Amino acid sequence: MIGKPRSGKTTLAQNLSKRLDLVHVSLENWLEALMAKIARLAEEPEEEVEEGQEPPKRYTDLEEAIRTSLTNGARPTHEQVIEIMKSECNSPLAQTKGFVLDITFAKGLDSWAKLIRQNEIIGGPDAVGRSAEFSHVIELDMDDAEVKLRAKHLRLDPEIGQTFSRWER
């Protein structure tokens, strides 16, 4: 599922995932899980280690890189987002149940569609030579004026830090 922000991708992806019992893969879901992990680990004391030993890693290399980027006010890079999508699409649960991939792309950026067409997200053949492919690619196209109209009516709830559309309110 690809398209511009506010085009309805996430709503459709969530509904499809729920109705078809599939995994909903999105950058937002991954980031929410990372933020929950950061909050949980902040409350847990770090394990004591013996002198000369490295403390156990609390984050994967990707999680640590993105945690650092977010702390510095930056966003995940395009390459990091691809790595996240690959890992989520190839997770055991997504491979068992199937998944709906939910990706936002910027105006004029055809790279996601190209990556999907070239199987960059789900990878090449497995150990026995079977290639995984997307069964459907849905692009929600919306004109810029409609995107702006939908964004114009967004409201932020400062207490919880969540944005709501006029339809959600």
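Keep in mind that what you see is a predicted model, and the values were worked out from it rather than measured. Computed over heavy atoms, backbone and side chain alike; hydrogens, waters and symmetry mates excluded.
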Enquirer: Carefully, step by step, assess Thr77 and Ile66 under the rule side chain to side chain contact (heavy atoms under 4.5 Å, CB included).
Expert: CA-CA 9 Å; Thr77 66; Ile66 292 183; over 6 Å; no
Enquirer: Tell me, which pairs form a salt bridge (Lys or Arg N to Asp or Glu O under 4.0 Å) where one or both residues lie in residues 59-74, sequence neighbours left out?
Expert: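 Listed by first then second residue: Lys37-Glu63, Lys57-Asp61, Glu64-Arg67.
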Enquirer: Within the distance-only criterion (no hydrogens, no angle test), does the side chain of Gln95 pair as donor or acceptor with the backbone N or O of Cys89 below 3.5 angstrom?
Expert: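 Yes, the answer is positive, given that a donor and an acceptor are paired below the 3.5 Å cut-off.
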Enquirer: Determine yes or no for a side-chain-to-main-chain donor-acceptor pair under 3.5 angstrom, with Asn29 supplying the side chain and His24 the backbone.
Expert: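 Checked: pair present.
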Enquirer: In Å and rounded to the nearest 0.5 Å, what is the NZ to OG distance from Lys9 to Ser26?
Expert: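 Rounded to the nearest 0.5 Å, the NZ-OG separation comes to 10.0 Å.
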Enquirer: Say you draw a straight line from CD1 of Ile103 to CE of Met85; how long is it, rounded to the nearest 0.5 Å?
Expert: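 So the gap between those two atoms works out to 6.0 Å.
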Enquirer: With rounding to the nearest 0.5 Å, note down the distance linking CD1 in Ile2 to OG in Ser7.
Expert: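 Reported to 0.5 Å precision, the distance equals 10.0 Å.
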Enquirer: Determine which pairs satisfy salt bridge (Lys or Arg N to Asp or Glu O under 4.0 Å) with at least one residue from residues 15-36, sequence neighbours left out, and list them in order.
Expert: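 Sorted result for residues 15-36: Asp21-Lys97.
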Enquirer: Apply side chain to side chain contact (heavy atoms under 4.5 Å, CB included) to the pair Leu20 and Val100, showing each step before the final yes or no.
Expert: CA-CA 10 Å; Leu20 301 174; Val100 175; 6.0 Å; no
Enquirer: Is there a side-chain contact between Met1 and Leu12, using heavy atoms and a 4.5 Å cut-off?
Expert: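 Met1 reaches Leu12 side chain to side chain.
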Enquirer: In terms of heavy-atom contacts, does CZ of Arg75 have more than 12 from other residues, nucleotides or ligands at under 6.0 Å?
Expert: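 Atom CZ in Arg75 is not crowded, with 12 or fewer foreign heavy atoms closer than 6.0 Å.
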Enquirer: Within this structure, what is the CG-CD1 distance for the pair Leu27 and Ile82, rounded to the nearest 0.5 Å?
Expert: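 Spacing of CG (Leu27) from CD1 (Ile82) equals 11.5 Å.
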Enquirer: Would you sort out whether Val25 and Asp102 count as a side chain to side chain contact (heavy atoms under 4.5 Å, CB included), showing the intermediate values?
Expert: CA-CA 6 Å; Val25 174; Asp102 176 1; over 6 Å; no
Enquirer: Has Ser87 got a side-chain atom pairing as donor or acceptor with Ile84's backbone, closer than 3.5 angstrom?
Expert: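 Checked: pair present.
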Enquirer: How many angstroms lie between atom CH2 of Trp30 and atom CG of Leu62, to the nearest 0.5 angstrom?
Expert: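 Here the interatomic distance stands at 4.5 Å.
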Enquirer: Could you measure the distance from the CG atom of Leu93 to the CG atom of Leu22? Nearest 0.5 Å is fine.
Expert: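 Separation between the atoms: 10.0 Å.
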